[in-house]
Protein chains: 2
Amino acid sequence: MSEIESFFKSAFSVDNVIFGFDGSDLKVLLIQRGAAPFKDKWALPGDLVYPNENLDTAAERVLEQLTGLRGVYLEQVKAFGAVNRHPLGRVITIAYYSLIKISDYVVTPASFAQSASWHSIAQVGELAFDHNEILDTCLRRLKHKVRMTPVGFELLPPKFTLTELQQLYESILDEKLDKRNFRKKILSMNLLLDLKELQEGVAHRPAKLYQFDRANYEQFVAEGFSFDL
Amino acid sequence: MSEIESFFKSAFSVDNVIFGFDGSDLKVLLIQRGAAPFKDKWALPGDLVYPNENLDTAAERVLEQLTGLRGVYLEQVKAFGAVNRHPLGRVITIAYYSLIKISDYVVTPASFAQSASWHSIAQVGELAFDHNEILDTCLRRLKHKVRMTPVGFELLPPKFTLTELQQLYESILDEKLDKRNFRKKILSMNLLLDLKELQEGVAHRPAKLYQFDRANYEQFVAEGFSFDL
DNA sequence: CAGACTTATTGTGAAATACACACCAATTTA
DNA sequence: TAAATTGGTGTGTATTTCACAATAAGTCTG
């Protein structure tokens with residue numbers, strides 16, 4: 001305990017806000033705390049940083065330990081360091097966020113998290129620590145990000161329809177977009193490859209399938225193009 | 001010394017990137033370190049955070065102690081936490097930045113900084129620690145910020161000309177702007193009060209003087225207007 | 001005081017973009 | 001074959017962007 005006490009005199013942690021898309025809703029990955037403080041409360045997956053560990057590395061490690069998620073690209077947002085944000089001592093935390101395709105990953109909570117699961121953004125209740133504030137900040141950052149870079153495309157199946165893409169943006173941005181204008185804008189960017197295939201198994205006119213044209217995108221970026229939705 | 005050693009096992013600091021405008025150039029406030037490590041090197045004004053001190057407070061305090069600057073509004077950018085960024089131990093640092101009018105402040109270096117002075121951005125050499133990286137990150141953030149909010153207006157005298165305003169933006173953004181388009185855009189925002197006064201003491205046609213219309217700006221913001229240069 | 005000098009100020013046309021909006025097309029299923 | 005459902009597309013208007021150059025209002029010099 002004394003070791004813990006001294007560690008807590010001045011410690012830092014990382015907290016991860018993992019946004020996920022399941023085909024229709026924007027969600028966030030939360031764990032239910034298995035120990036005090038805030039036992040049984042939902043919280044962001046986070047933990048202390050080892051003394052000899054880089055912050056980015058720690059964020060990845062902690063995420064994997066708590067939720068089983070490996071190889072997730074995380075981006076730092078900022079530090080949260082209010083004196084009393086942690087009831088046991090002075091801990092500042094560095095917030096990271098990411099956006100992943102839920103179906104690409106299997107969530108397997110660590111023993112010291114009772115459970116880890118996806119929660120719709122709109123239905124997130126009161127979280128442990130200052131995690132609601134962290135979540136809000138990261139959500140704002142995410143919305144900004146998806147407008148500026150085509151991250152969204154990664155969240156869909158390799159072949160997707162324009163309607164699916166639009167729904168994705170609508171659920172992340174939490175606003176309705178005009179169908180015609182959305183399609184016009186996206187198609188005019190030349191980032192989509194028309195696969196000349198049609199959707200199957202739907203009880204209505206099938207939609208065309210597209211694929212994100214990564215090579216083109218990278219070339220455009222190199223030439224100074226900027227995605228802007 | 002043992003107290004310092006234990007503190008350094010896991011400490012956090014703040015570093016401040018104070019941008020200043022002197023009427024023509026964008027500068028940054030640096031101190032020359034008076035002690036090891038990096039003795040005599042130029043560095044950002046920063047220091048450790050007290051255990052019972054909020055990060056934002058620490059940033060203000062450290063800035064004041066090192067440079068004499070009081071009441072500067074600072075905004076957090078992000079944390080820098082590479083394991084070996086500090087030669088004496090594990091110290092992560094939280095970077096803050098600000099943008100001030102140089103003539104509003106008197107810089108008085110603390111005894112343990114040999115000196116504190118303004119350096120043109122373009123002429124900043126190799127700094128202590130990872131401070132070049134921090135500076136670069138903050139500069140990018142600043143450029144983004146001045147395009148999105150009318151912070152720039154604060155840096156000019158209460159009465160200024162459009163040319164002065166344009167020069168300010170050009171030196172912060174480090175790019176040339178078209179005169180007519182700049183004026184049209186700025187004036188169309190209705191953020192400037194035409195003072196019906198003319199510049200004096202210049203050997204050419206005197207320019208009209210303007211004043212930033214803060215009340216108007218705040219009302220526009222409340223109505224959902226967004227500054228965008 | 002005239003002419004040179006320096007910077008301030010202003011407007012226009014073309015092009016691109018944003019936006020609102022409504023109808024026909026292709027498929028399934030009853 | 002008709003209804004239901006979603007996919008797909010085009011046009012006109014308003015707004016914004018951008019590039020661009022001539023005149024105006026002072027000071028300075030001889």
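Below, each value reflects all heavy atoms present in this structure, side chains not excepted, and no hydrogens, waters or symmetry copies. In what follows, chains carry the letters A, B, and so on, assigned in the order in which the sequence lines appear, proteins first and then strands, with residues in each chain numbered from 1.
- Put simply, OG1 on B:T93 and CG on B:D47 are 9.5 Å apart, with the number rounded to the nearest 0.5 Å.
- Atoms CE (B:M189) and P (D:dT16) sit 11 Å apart, rounded to a whole Å.
- Listed nucleotides D:dG26, D:dG7, D:dA24 differ in distance to B:H204; the shortest reach to its side chain belongs to D:dG26.
- Both cation-pi conditions hold for B:K78 and B:F80: the charged atom is under 6.0 angstrom from the six-membered ring centre and inside a 45 degree cone around its axis.
- Following rounding to the nearest Å, A:L192 (CG) and D:dG8 (P) show an atom-to-atom distance of 12 Å.
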Summary of protein contacts for nucleotides 14-21 of chain C, nucleotide by nucleotide, where a base hit scores B, a sugar-phosphate-only hit scores S (4.0 Å, heavy atoms): ----SBBB
Set out, in order, the CA-CA distance, both residues' side-chain angles and the distance that settles ring-ring contact (aromatic ring centres under 6.0 Å, His included) for A:F160 and A:Y210, then state yes or no. CA-CA 5 Å; A:F160 53 86; A:Y210 292 88; 7.2 Å; no
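- Within 4.0 Å of A:L198, counting heavy atoms only, lie sugar-phosphate atoms of the nucleic acid but no base atom.
- To the nearest angstrom, P of D:dC20 lies 19 Å from CZ of B:R183.
- The phosphate of D:dT9 (OP1 or OP2) has a side-chain N or O of A:K208 nearer than 4.0 angstrom.
- Between the CG atom of B:L177 and the P atom of D:dC20 there is a distance of 15 Å, given to the nearest Å.
- A straight line from CG of A:D194 to P of D:dG7 spans 15 Å, rounded to a whole angstrom.
- Ring geometry for B:F182 against B:Y169 counts as tilted: the plane angle lies between 30° and 60°, on a 0 to 90° scale.
- Side chain B:R205 to base D:dA25: no donor-acceptor pair is found below 3.5 Å.
- Ring geometry for A:F153 versus A:F212: interplanar angle of 30 to 60°, hence tilted.
- Atom CD1 of B:I186 and atom C1' of C:dA8 are 17 Å apart (whole Å).
- Residue A:T161 is out of contact with every strand shown, counting any heavy-atom pair closer than 4.0 Å.
- A salt bridge is absent between A:R85 and A:E133; no separation between the charged side-chain nitrogens and carboxylate oxygens falls under 4.0 Å.
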